[in-house]
Amino acid sequence: FTPPKEIGEGGAILAKDKLGNPIPASQILANPPGTRALVAGLAGEPTYLIVTDANTLDGRGIVDNCTHLGCTFPWNEMAEQFQCPCHGSRYDAEGSVVRGPANRPLKLVHVAVIDDAIWLSPWTEIDPRMGERPWWV
Ligand code: FES
(Lines give C-alpha, C1' and ligand atoms only; values in the text may rest on other atoms or scores of the structure.)
Protein backbone atom coordinates (compact mmCIF):
# COMPACT_ATOMS: atom_id res chain seq x y z
CA PHE A 1 0.00 0.00 0.00
CA THR A 2 1.76 3.12 -1.19
CA PRO A 3 -0.67 6.00 -1.12
CA PRO A 4 -0.10 8.96 -3.39
CA LYS A 5 0.27 12.33 -1.76
CA GLU A 6 -3.24 13.11 -0.51
CA ILE A 7 -5.62 10.35 -1.56
CA GLY A 8 -5.04 6.68 -0.85
CA GLU A 9 -6.75 3.39 -1.63
CA GLY A 10 -10.40 2.96 -0.74
CA GLY A 11 -11.02 6.69 -0.57
CA ALA A 12 -8.47 7.23 2.20
CA ILE A 13 -7.52 10.81 2.97
CA LEU A 14 -4.97 12.41 5.24
CA ALA A 15 -6.21 13.73 8.60
CA LYS A 16 -5.81 17.50 8.62
CA ASP A 17 -5.81 20.36 11.07
CA LYS A 18 -8.14 23.39 11.01
CA LEU A 19 -5.96 25.10 8.44
CA GLY A 20 -6.04 22.10 6.12
CA ASN A 21 -2.51 20.91 6.81
CA PRO A 22 -1.89 17.17 7.30
CA ILE A 23 -1.29 16.31 10.97
CA PRO A 24 1.59 13.94 11.75
CA ALA A 25 0.66 11.03 14.03
CA SER A 26 3.56 11.93 16.33
CA GLN A 27 1.88 15.25 17.11
CA ILE A 28 -1.25 13.51 18.39
CA LEU A 29 0.70 10.74 20.11
CA ALA A 30 2.51 13.38 22.18
CA ASN A 31 -0.76 13.52 24.18
CA PRO A 32 -1.44 11.11 27.04
CA PRO A 33 -3.33 7.81 26.54
CA GLY A 34 -7.08 8.35 26.48
CA THR A 35 -6.80 11.63 24.59
CA ARG A 36 -9.51 12.28 22.03
CA ALA A 37 -7.99 14.62 19.44
CA LEU A 38 -10.12 16.36 16.85
CA VAL A 39 -9.00 16.42 13.23
CA ALA A 40 -10.68 17.29 9.95
CA GLY A 41 -11.64 13.95 8.45
CA LEU A 42 -13.50 12.50 5.48
CA ALA A 43 -15.48 15.19 3.62
CA GLY A 44 -14.09 17.62 6.19
CA GLU A 45 -16.11 16.03 9.01
CA PRO A 46 -14.57 16.70 12.42
CA THR A 47 -13.35 13.34 13.70
CA TYR A 48 -12.00 12.22 17.04
CA LEU A 49 -8.80 10.17 17.01
CA ILE A 50 -8.06 8.17 20.14
CA VAL A 51 -4.67 7.69 21.78
CA THR A 52 -4.57 4.13 23.15
CA ASP A 53 -2.87 2.89 26.32
CA ALA A 54 -0.12 1.50 24.07
CA ASN A 55 0.48 5.03 22.77
CA THR A 56 -0.79 4.25 19.29
CA LEU A 57 -3.77 5.63 17.43
CA ASP A 58 -6.86 3.48 17.72
CA GLY A 59 -7.92 1.96 14.41
CA ARG A 60 -11.36 3.47 14.86
CA GLY A 61 -12.03 7.17 14.60
CA ILE A 62 -15.33 8.62 15.83
CA VAL A 63 -17.09 11.29 13.82
CA ASP A 64 -18.01 14.39 15.83
CA ASN A 65 -21.56 14.68 14.53
CA CYS A 66 -24.42 13.86 16.90
CA THR A 67 -26.77 11.33 15.35
CA HIS A 68 -29.76 13.20 16.77
CA LEU A 69 -29.59 16.50 14.88
CA GLY A 70 -25.97 16.87 13.96
CA CYS A 71 -24.43 19.03 16.68
CA THR A 72 -20.76 18.71 17.49
CA PHE A 73 -19.88 17.70 21.04
CA PRO A 74 -16.93 17.52 23.42
CA TRP A 75 -15.36 14.49 25.07
CA ASN A 76 -15.92 14.52 28.82
CA GLU A 77 -12.84 12.86 30.26
CA MET A 78 -14.22 12.52 33.78
CA ALA A 79 -17.41 10.77 32.66
CA GLU A 80 -15.62 9.01 29.75
CA GLN A 81 -18.46 10.03 27.47
CA PHE A 82 -19.11 12.20 24.48
CA GLN A 83 -21.82 14.59 25.69
CA CYS A 84 -23.87 16.55 23.21
CA PRO A 85 -24.71 20.04 24.47
CA CYS A 86 -27.73 20.48 22.20
CA HIS A 87 -30.32 18.07 23.65
CA GLY A 88 -28.30 15.98 26.09
CA SER A 89 -27.47 12.83 24.16
CA ARG A 90 -24.57 10.87 25.60
CA TYR A 91 -22.30 8.30 24.01
CA ASP A 92 -19.77 5.99 25.61
CA ALA A 93 -16.07 5.93 24.73
CA GLU A 94 -16.82 3.74 21.71
CA GLY A 95 -19.56 6.01 20.42
CA SER A 96 -22.55 3.86 21.45
CA VAL A 97 -25.60 5.72 22.77
CA VAL A 98 -25.99 5.67 26.54
CA ARG A 99 -28.70 8.33 26.65
CA GLY A 100 -31.03 9.74 23.99
CA PRO A 101 -32.65 11.44 22.25
CA ALA A 102 -30.03 10.11 19.81
CA ASN A 103 -30.81 6.49 18.95
CA ARG A 104 -27.95 5.57 16.62
CA PRO A 105 -24.26 5.16 17.45
CA LEU A 106 -21.69 7.67 16.24
CA LYS A 107 -20.26 7.09 12.80
CA LEU A 108 -16.90 5.30 12.60
CA VAL A 109 -13.99 5.72 10.21
CA HIS A 110 -10.86 3.63 9.79
CA VAL A 111 -7.60 5.13 11.03
CA ALA A 112 -4.21 3.93 9.78
CA VAL A 113 -0.76 5.37 10.41
CA ILE A 114 1.83 4.98 7.68
CA ASP A 115 5.20 6.69 8.07
CA ASP A 116 3.75 9.17 10.58
CA ALA A 117 0.91 10.14 8.21
CA ILE A 118 -2.65 9.55 9.46
CA TRP A 119 -4.94 8.03 6.85
CA LEU A 120 -8.70 7.99 7.33
CA SER A 121 -10.98 5.85 5.19
CA PRO A 122 -14.70 5.06 5.11
CA TRP A 123 -16.06 2.34 7.43
CA THR A 124 -18.35 0.25 5.26
CA GLU A 125 -18.33 -3.17 6.91
CA ILE A 126 -20.17 -4.46 10.00
CA ASP A 127 -20.31 -1.98 12.88
CA PRO A 128 -18.63 -4.02 15.66
CA ARG A 129 -20.62 -2.20 18.35
CA MET A 130 -23.95 -3.28 16.88
CA GLY A 131 -22.90 -6.45 15.06
CA GLU A 132 -24.77 -5.26 12.01
CA ARG A 133 -24.42 -3.19 8.87
CA PRO A 134 -23.68 0.41 9.75
CA TRP A 135 -26.58 2.86 9.50
CA TRP A 136 -24.45 5.33 7.49
CA VAL A 137 -23.69 3.00 4.57
FE1 FES B 1 -27.13 16.09 19.91
FE2 FES B 1 -29.73 16.72 19.71
S3 FES B 1 -28.13 17.17 18.33
S4 FES B 1 -28.73 15.64 21.29
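All ligand and atom numbering here is 1-based and tracks the order in the structure. The chain is numbered in sequence order, starting from 1.
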Note, atom 2 (Fe) of ligand 1 has protein N, O or S atoms under 2.8 Å numbering 2
What side-chain hydrogen bond (donor to acceptor under 3.5 Å, both in side chains) pairs are there with at least one residue in residues 77-86, not counting sequence neighbours?
-> N76-Q83, Q81-Q83
Sequence neighbours left out, what pairs pass side-chain hydrogen bond (donor to acceptor under 3.5 Å, both in side chains) with at least one residue falling in residues 94-103?
-> R60-E94
What residues form a ring pair (Phe, Tyr, Trp, His ring centres under 6.0 Å) with W75, not counting sequence neighbours?
-> F82
Value for CG (N55) from OG1 (T35), rounded to nearest 0.5 Å, stands at 9.5 Å
Using only the SG atoms, decide whether C71 and C86 are less than 2.5 Å apart.
-> yes
Quick one: does I28's side chain get under 4.5 Å of L57's, heavy atoms only?
-> yes
